[in-house]
Amino acid sequence: MSEKLYEVKTYYAIALDPIHVGAGSARLERVDLPIIREPGTNIPKIPGTSLSGTARAYTAMKTSRYNWKGEDGKIYSCAGRGGEGGEKHCGKVDPACPVCVPYGFSKGTYSMQGLAQFFDAQILLFAVASMVGPVWVTSPLALEGSELKGDFQVQDVGFYPLGEQLKGKEKLNFGWLMLNKGEGKGNIDLLPIPEKVKQRTVLVSDKLFSLIVNSNLEVRTSVSIDPNTGTAEEGALFTYEAIPRGTILKFDVIYNSGQFFMVGGRKLKTEGCGDVGTEWVKTQVEKGMKLFEVLGIGGMGTRGMGRLKVLNLEKGDC
Ligand SMILES: [Zn+2]
């Protein structure tokens with residue numbers, strides 16, 4: 001059993017579709033829909049709350065806790081917010097619910113914060129179409145916290161190829177922006193991401209990164225469908241932004257051990273009377289994360305959007 005009090009894991013993920021996580025609710029309205037941005041850098045991000053809410057729903061599906069009947073005959077739903085006052089969450093701690101314990105619950109008199117804490121997903125490598133095919137762009141700030149050792153440097157204007165395939169290029173053309181190769185340093189060999197992506201990655205300054213990202217976001221136009229008639233609503237065209245397919249994101253999750261927790265006067269125990277350690281929490285959460293690549297995240301999963309493949313899940317977990 002795990003003796004650790006907590007474990008921090010950094011996840012890397014690739015967008016299989018454009019991803020839209022809107023600033024408002026997930027409901028489609030007749031308005032233009034921007035995506036959420038980091039205030040300081042103006043770079044789009046996926047909030048940790050969206051990741052945890054989605055993972056929660058998927059863990060519930062995987063563990064048959066989406067809608068289920070408890071031994072007391074009550075119907076519970078451990079996904080979502082649990083209704084008013086959280087009465088739909090089972091809140092069971094012995095044996096621990098694979099949804100309520102990792103993601104938290106609140107049931108009137110007793111509650112617990114989730115043992116898994118999700119942080120925002122940041123863009124690590126941004127996919128851009130160029131004259132020479134897809135290129136991934138990153139910057140020193142974007143790479144911070146990616147567990148890579150060594151520093152990253154690049155001239156203010158210009159690109160430095162981190163991957164072999166673009167070493168021979170003197171110029172790169174990103175739509176309206178033409179960049180020359182410049183001096184720099186850095187190495188991303190150790191990132192757990194596809195080799196073909198690494199080979200086509202270039203480093204640019206933080207300023208240029210924000211510019212390139214914001215001018216290459218997907219902007220799509222869509223039509224609102226009237227739910228009553230199933231037809232397009234008149235004048236209901238709207239545009240929305242999305243993080244483009246191929247983009248690599250990273251996010252951290254802290255897994256806390258529950259072995260010293262008491263909830264409602266009871267100790268947390270797993271099904272087989274084991275300790276609720278960091279490994280157990282991580283296993284439940286990763287069951288849900290595995291479905292990001294099938295069912296997607298964000299509010300537009302039904303429109304061929306939002307599938308996100310997490311690249312470094314533990315092996316052997318179905
Ligand atoms: Zn539950």
Side-chain angles (χ1 to χ4, degrees), residues 1-2 4-7 9 11 25-26 47-119 251-299 301 308 310 313-314 316-318:
M1 277 290 113
S2 167
K4 281 179 288 192
L5 282 178
Y6 69 93
E7 178 192 340
K9 181 163 175 180
Y11 288 96
S25 72
T49 49
S50 297
L51 296 171
S52 65
T54 310
R56 175 179 200 128
Y58 296 166
T59 297
M61 288 166 68
K62 276 292 219 184
T63 58
S64 307
R65 298 270 166 154
Y66 206 88
N67 276 303
W68 63 289
K69 198 170 178 180
E71 279 167 15
D72 50 13
K74 282 193 194 149
I75 301 294
Y76 293 105
S77 177
C78 300
R81 292 172 189 278
E84 226 171 285
E87 77 281 358
K88 292 269 181 204
H89 287 161
C90 78
K92 297 196 188 307
V93 298
D94 184 12
C97 172
V99 182
C100 292
V101 168
Y103 299 99
F105 64 90
S106 174
K107 285 181 77 71
T109 52
Y110 70 108
S111 66
M112 81 175 277
Q113 212 172 25
L115 293 175
Q117 281 170 268
F118 284 71
F119 292 81
F251 60 95
D252 288 345
V253 179
I254 297 180
Y255 296 109
N256 293 289
S257 169
Q259 53 185 319
F260 305 113
F261 273 61
M262 296 281 280
V263 178
R266 304 186 73 166
K267 275 196 88 162
L268 307 189
K269 286 289 168 197
T270 64
E271 200 72 59
C273 220
D275 285 337
V276 172
T278 58
E279 286 298 320
W280 182 85
V281 180
K282 180 165 69 182
T283 300
Q284 310 317 317
V285 168
E286 291 200 356
K287 282 177 191 168
M289 272 189 210
K290 183 86 180 79
L291 284 178
F292 284 3
E293 69 184 88
V294 182
L295 300 173
I297 61 166
L308 179 72
V310 182
L313 297 173
E314 306 286 305
D317 185 42
C318 60

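Numbering of ligands and ligand atoms starts at 1, following listing order.
The pair Asp252-Lys9 does not meet the salt-bridge criterion, since no charged nitrogen lies less than 4.0 angstrom from a carboxylate oxygen. Under 4.0 Å is where a charged nitrogen must lie from a carboxylate oxygen, and between Asp94 and Lys269 no such pair does.
No side-chain donor-acceptor contact under 3.5 Å links Tyr255 and Gln284.
For the pair SG of Cys90 and SG of Cys97, the angle whose vertex sits at the Zn ion (ligand 1) is 100° to 10 degrees. Angle SG(Cys100) to the Zn ion (ligand 1) to SG(Cys78): 110° [nearest 10 degrees].
Across every non-hydrogen atom of Tyr103 and Val285, the tightest pair is OH-CA, 3.4 Å.
For residue His89, no N/O/S atom approaches the Zn ion (ligand 1) to within less than 2.8 Å.
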